Number of protein chains: 2
Amino acid sequence: MTSAPIELAVSTVIFALRPAADSSRRTVWLPLVRRIREPEQGKWALPGGPLEPDQELSESAAFTLNETTGLSPSYLEQLFAFGNVDRSPGNRVVSIIYWALVREEEAAEAVVTENVRWFPADDLPELAFDHAEIVSYALGRLRGKLEYSNLGHAFLGELFTLSTLREVYEAVLDRRIDPANFRRQVETSGLVRATDQVQTGGRHRPARLYRFATPAASTAPTQE
Amino acid sequence: MTSAPIELAVSTVIFALRPAADSSRRTVWLPLVRRIREPEQGKWALPGGPLEPDQELSESAAFTLNETTGLSPSYLEQLFAFGNVDRSPGNRVVSIIYWALVREEEAAEAVVTENVRWFPADDLPELAFDHAEIVSYALGRLRGKLEYSNLGHAFLGELFTLSTLREVYEAVLDRRIDPANFRRQVETSGLVRATDQVQTGGRHRPARLYRFATPAASTAPTQE
DNA sequence: GCAAAAGTGTTCTCGTTACACCCATGT
DNA sequence: ACATGGGTGTAACGAGAACACTTTTGC
């Protein structure tokens with residue numbers, strides 16, 4: 001009289017910046033996969049899969065991320081473990097959710113198939129299971145964390161202008177930021193260092209290029 | 001050729017305020033259980049156990065908490081899922097960790113046996129597995145969260161003086177706080193409401209009693 | 001020259017800190 | 001009376017918001 005074992009899965013909320021539908025500016029997008037079997041067949045869901053016995057949690061997240069988008073994450077962190085008894089009809093699944101960021105330059109090359117598609121974070125289709133709630137929670141974490149860390153790093157390449165960095169913040173936080181104040185805040189934060197290069201080409205004064213002072217941000221208690 | 005399944009456990013870091021060893025003021029304490037079998041037999045560990053198929057994650061945490069201390073938590077929130085491949089010798093265990101607060105008045109009645117004992121958070125014995133790392137992470141969360149929420153609620157009864165509340169903050173954050181400034185900050189925060197009662201008995205001016213404006217704090221994405 | 005974004009300067013407000021000082025009670 | 005913590009007043013400081021203004025490019 002052994003009951004069915006509890007299934008343990010790892011799924012990932014993957015964020016990237018992409019031009020908005022009206023292409024005026026960038027907004028937050030994420031890739032979803034269409035479920036090809038029951039339960040919830042046909043609905044869109046977060047990429048993920050069962051945890052393998054010899055696989056670290058973050059490895060599992062990175063694996064499904066690559067499987068889905070063909071990309072490598074520039075940032076990856078555990079979000080939360082969702083395990084409500086009734087979150088999946090018919091079986092008990094505990095999902096450990098990660099969230100990841102990928103650079104815009106790379107996200108442009110991401111794989112798109114019949115069953116893998118990118119959606120704007122503020123205009124999602126109906127999602128399977130409790131995944132809508134998960135995405136909403138992940139978005140909150142992204143916004144919150146951007147304000148007290150150098151998370152913008154993960155969306156940008158090595159060199160960038162302060163305008164570009166500001167656009168990242170405006171896209172994620174979905175509000176305008178005063179360029180003058182933003183400049184001072186970033187410069188005094190110490191997270192960023194000016195280079196002696198500038199970016200020309202715009203119909204205006206060239207912008208100085210910056211780089212991040214620290215290589216990356218990882219705040220999980222363990223680097224698993 | 002099926003490999004051993006991954007074990008899924010739920011453990012809890014339980015915090016309470018208790019008088020320090022020199023009894024001068026209160027500090028943070030937590031209960032640990034002694035492992036009575038391998039692996040890591042004899043070492044102290046966080047209370048926990050395997051997740052049952054029909055049990056919510058938080059139910060499992062509350063169950064082991066009650067089993068260990070005989071108490072009910074006034075606050076309970078998921079902390080993190082620890083799942084490194086090598087964190088437990090011989091088998092693969094993914095532990096979903098909760099952290100909990102219990103009121104001082106109740107914590108005084110907590111069960112203590114040969115294999116269950118309370119320790120000061122800043123003077124722990126050698127712990128089993130990665131539990132020392134887990135406790136350290138939980139302490140950081142407790143301190144961080146205290147500063148931007150009404151978490152102090154969970155340590156206190158319904159009525160309290162602002163001095164008592166300040167002592168909670170001083171115990172958790174382990175630093176002195178200016179009473180005058182603390183008073184103003186709390187009063188303008190709106191988290192607290194003055195009553196028309198005072199507490200007499202001290203050899204000084206009676207202190208006004210306050211109560212929290214909101215019944216409780218729960219910030220997990222799901223109330224599981 | 002003009003538009004546009006880069007970059008600087010200035011002021012205002014508000015929250016935090018430090019600390020002086022008064023209040024009300026028990027002994 | 002006086003010690004003790006409860007409670008109020010106030011000035012200094014610093015971070016952030018608002019916005020005027022100057023600089024340097026492309027066209």
Side-chain angles (χ1 to χ4, degrees), chain A residues 19 23-26 143-150 152 156-157 159-212, chain B residues 19 23-26 143-150 152 156-157 159-212:
Chain A
S23 77
S24 59
R25 52 198 187 107
R26 282 173 282 187
R143 293 193 172 116
K145 194 136 195 179
L146 187 67
E147 310 211 51
Y148 66 91
S149 71
N150 58 349
L156 299 175
L159 297 179
F160 51 89
T161 68
L162 292 190
S163 280
T164 308
L165 182 59
R166 178 170 50 82
E167 284 166 21
V168 169
Y169 277 72
E170 290 183 336
V172 171
L173 302 178
D174 196 25
R175 61 178 167 85
R176 290 313 191 82
I177 299 171
D178 183 282
N181 294 332
F182 181 78
R183 161 179 303 275
R184 271 183 294 255
Q185 284 173 18
V186 170
E187 276 175 341
T188 61
S189 74
L191 295 177
V192 113
R193 273 208 296 257
T195 69
D196 53 3
Q197 304 169 57
V198 293
Q199 186 177 72
T200 57
R203 340 181 352 175
H204 52 77
R205 173 173 171 178
R208 183 164 300 278
L209 286 168
Y210 288 77
R211 60 161 42 94
F212 281 97
Chain B
S23 78
S24 59
R25 51 196 186 108
R26 283 173 282 188
R143 293 193 173 116
K145 195 136 195 179
L146 187 68
E147 309 212 52
Y148 67 90
S149 71
N150 60 348
L156 299 175
L159 297 179
F160 51 89
T161 68
L162 292 190
S163 280
T164 309
L165 182 60
R166 178 170 51 79
E167 284 167 21
V168 169
Y169 278 72
E170 291 183 336
V172 172
L173 303 179
D174 196 26
R175 62 179 167 85
R176 290 313 191 82
I177 300 171
D178 184 282
N181 295 330
F182 181 78
R183 160 179 303 276
R184 272 183 293 255
Q185 285 173 17
V186 170
E187 276 174 341
T188 61
S189 73
L191 295 177
V192 114
R193 273 208 297 257
T195 68
D196 54 1
Q197 302 170 58
V198 293
Q199 186 176 71
T200 57
R203 342 181 349 172
H204 51 77
R205 172 172 171 178
R208 183 164 300 279
L209 286 168
Y210 289 76
R211 60 160 43 93
F212 282 97

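Everything quoted here is computed from the prediction, not taken from an experiment. Every chain is numbered from 1, with letters handed out A, B, ... down the list of sequences.
Residue B/Ser163 is in sugar-phosphate contact alone, with no base atom involved, counting any heavy-atom pair closer than 4.0 Å across all strands shown.
Between A/Ile177 atom CD1 and D/dA18 atom C1' there is a gap of 15 Å when expressed in whole angstrom units. One can place CZ of B/Phe160 at 14 Å from P of D/dG6, the figure rounded to the nearest angstrom. Taking atom CD on A/Gln199 and atom P on C/dA6, their separation rounds to 9 Å, with Å as the unit. Distance CZ (A/Arg183) to P (D/dG16): 17 Å, rounded to an integer number of Å. Between the P atom of D/dG16 and the CZ atom of A/Arg176 lies a distance of 21 Å, rounded to the nearest Å. Regarding B/Glu167, its CD atom lies at a distance of 10 Å from the P atom of D/dG5, rounded to whole Å. Across the protein-nucleic acid pair, B/Phe182 atom CZ and D/dG7 atom P stand 13 Å apart, rounded to whole Å.
Distance CG/B/Asp174 to CZ/B/Arg25: 6.0 Å, rounded to 0.5 Å. The distance from the CZ atom of B/Arg208 to the CD atom of B/Gln199 is 12.5 Å, given to the nearest 0.5 Å. A/Leu159 CG to A/Tyr210 OH: the interatomic distance, rounded to the nearest 0.5 Å, is 12.5 Å. Going from atom CG of B/Leu165 over to atom CZ of B/Phe182 covers 4.0 Å, rounded to the nearest 0.5 Å. To the nearest 0.5 angstrom, A/Thr161 atom OG1 is 8.5 Å from A/Arg166 atom CZ.
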B/S/- along nucleotides 17-27 of chain C (protein heavy atoms under 4.0 Å) is BBB---BBBS-

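Residues forming a salt bridge (Lys or Arg N to Asp or Glu O under 4.0 Å) with A/Arg193 (at least two apart in sequence, or on another chain): none.
Near DNA chain D, defined here as any heavy-atom distance below 4.0 Å, there are no residues from residues 189-197 of chain A.
Between the side chain of A/Thr164 and the main chain of A/Phe160, no donor-acceptor pair closer than 3.5 Å is present. Looking only at distances, no side-chain donor or acceptor of B/Arg176 sits under 3.5 Å from a matching main-chain atom of B/Glu170.
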